[in-house]
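FYI, the numbering just counts along the sequence from 1. Just so it is clear, the values below take in all heavy atoms, side chains as well, and ignore hydrogens, waters and symmetry mates. Note that the coordinates shown come from a computational prediction; the quantities given were computed from them, not determined experimentally.
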Amino acid sequence: MPETIENYTSKDLHEGLKKQSFKIWSVVLFLVSAWVFLVLLAPIAKADNLVDISSPIYGFFSHICHQMPSRSFHLLGHQFAVCSRCFGVYFGLAVGLALYPLFRSMEEVEPLPRVWLILATFPIAIDWSLTFFGIWENTFFTRVATGLILGVACAIFIVPAFVELSQMWLLKRGKRADT
């Protein structure tokens, strides 16, 4: 069945949407990678006595994470700016974003069913709950693994959301230019 004129998008506009999708993905990947880099920069800067760099980073991340030394990875004798679970989430987000185009079209804005995001929270919730209630003590492996699962799942939902927002903006701008 032919499309109605209201749903028509020109070939140029369609190509613009495709380019916009990759731009948005690139920007989000860059920002998340920079975030992970800051987590790693803090211990490196501290090891090199660059306190003017490391202190603000640790201070910033202290508002997001408990930064308990016993639950944090260490690099060059200094702990990461976040705990191992938070690092797992951030690193998983970066990995998920980097691998996203290999598994899904960038133009696809229809998200996966939300049940997958909810299911991705279960491992981290179970790991945290079992420790909180004293049933077992989680490990670096369980904290990082559950964080990675959640981070990758979040990436799968974040990319289509940002792409759709950018496409809506571009379509609105394109339609304004046509009138």
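- Hydrophobic clustering, defined by side-chain heavy atoms of Ile, Leu, Val, Met, Phe, Trp and Tyr closer than 4.5 Å, leaves Met68 isolated from every other such residue.
- Identified under the salt bridge (Lys or Arg N to Asp or Glu O under 4.0 Å) test for residues 46-58, with sequence neighbours left out: none.
- Qualifying salt bridge (Lys or Arg N to Asp or Glu O under 4.0 Å) partners for Glu137, counting only residues two or more places apart in sequence or in other chains: Arg71.
- Scanning for side-chain contact (heavy atoms from CB on, under 4.5 Å) contacts around Phe60 gives Trp35, Ile64, with sequence neighbours left out.
- The hydrophobic cluster around Ile149 extends to none of the other residues, as no ILVMFWY side-chain heavy atom falls under 4.5 Å of it.
- Between the side chain of Ser129 and the backbone N or O of Ile126 there is no donor-acceptor pair closer than 3.5 Å.
- Checked by atom type and distance alone, the side chain of Gln67 pairs as donor or acceptor with a backbone atom of Tyr58 at under 3.5 Å.
- At most 12 heavy atoms of other shown residues, nucleotides or ligands fall within 6.0 angstrom of atom CZ in Phe91.
- By the 30° and 60° cut-offs, the orientation of the rings of Phe132 relative to Trp128 is parallel.
- Just one of Phe37, Phe140, Phe61, Phe73 meets the ring pair (Phe, Tyr, Trp, His ring centres under 6.0 Å) condition when paired with Phe80; it is Phe73.
- Evaluation of the salt bridge (Lys or Arg N to Asp or Glu O under 4.0 Å) rule for Arg85 yields Asp127 as partners, not counting sequence neighbours.
- With hydrogens and angles disregarded, a donor-acceptor distance shorter than 3.5 Å links the side chain of Thr131 to the backbone of Asn138.
- Within 6.0 Å of CZ in Phe162 there are 12 or fewer heavy atoms belonging to other residues, nucleotides or ligands.
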